[in-house]
Amino acid sequence: MSDLPPADTRAPAHWIPLAAARPAMAPAWWRWVASRDSLTARLTEAGHPRPFRVRLLDQRIGPPRRDEALALGLPLHRQAWLREVALCLGERPWVVARSVAPLDELRGQRLDHLGERSLGSWLFRQPDLERGEIEVTSSPAGFHAGRGPWGRRSVFRHGGFRVLVQEWFLDAMADDLALPSR
Ligand SMILES: C=C(O[C@@H]1C=C(C(=O)O)C=C[C@H]1O)C(=O)O
């Protein structure tokens, strides 16, 4: 066991199906959390004229959290491609996101060079893109100090490539768009 990489032991988030969260979610938030099109495009439009910007916080190969490994059907110690970003309007982070992809499915996807281009701007150009069911959490992101009412996740599939995309909507977004607290 000693030659296995360390597991990510941070507390996993608790996820529930989107429909189960609906009674507790204000309609104004439902329109954001339940949307299945590009969040990048929606943020760009809602934040106009503030410029939309992806701020890369970290991108590395490492162990996914337990809940992430389970969502992707990966063994707990299997290394993965991890990417953490803040999606900003002007200088204010509205969303923080953490994406996890199985290493052996990255072949040739060239995501290492994504930098501060939006992952979504690449995903939504794939004609065969499929998106799994959206799940919701009220747990914090854990990798960023920002707090907010809702997090969501879903798995995107493009050919043999899958990526778990997790997005936490922050209080700064609620303030700037006059959204309710939950
Ligand atoms: C999936 C999308 O991509 C967004 C961009 C991300 C990135 O650049 O890492 C991560 C999560 C998303 O909110 C989208 O725009 O819908």
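Indexing begins at 1, ligand by ligand and atom by atom, following the structure's order.
- Partners of Asp176 by side-chain contact (heavy atoms from CB on, under 4.5 Å), not counting sequence neighbours, listed by chain and number: Arg50, Arg92, Trp94.
- Grouping Ile, Leu, Val, Met, Phe, Trp and Tyr by side-chain contacts under 4.5 Å, direct or through others, puts Phe124 with Ile61, Trp81, Leu103, Leu106, Leu111, Leu114, Leu119, Trp122, Leu123, Leu129, Phe156, Phe161, Val163, Val165.
- Shown here for Pro102 and Leu72, the closest heavy-atom pair between the two residues is CD-CD1, 4.2 Å.
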For ligand 1, which of its N or O atoms have a protein N or O partner closer than 3.5 Å, and how long is each gap?
from     : atom 1 : to     : atom 2 : distance (Å)
ligand 1 : 3 (O)  : Gly120 : N      : 2.8
ligand 1 : 8 (O)  : Arg83  : NH2    : 3.0
ligand 1 : 8 (O)  : Leu119 : N      : 2.8
ligand 1 : 9 (O)  : Arg83  : NE     : 2.7
ligand 1 : 13 (O) : Glu167 : OE2    : 2.6
ligand 1 : 15 (O) : Ser38  : OG     : 3.2
ligand 1 : 15 (O) : Thr40  : N      : 2.9
ligand 1 : 15 (O) : Thr40  : OG1    : 2.6
ligand 1 : 16 (O) : Leu39  : N      : 2.8

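- The number of heavy atoms from other shown groups lying within 6.0 Å of CD (Glu45) does not exceed 12.
- The main-chain N or O of Trp15 is never found under 3.5 Å from a side-chain atom of Glu135 such that the two would form a donor-acceptor pair.
- Pro93 is linked by a side-chain contact (heavy atoms from CB on, under 4.5 Å) to Arg55, Ala86, Cys88, Leu170, counting only residues two or more places apart in sequence or in another chain.
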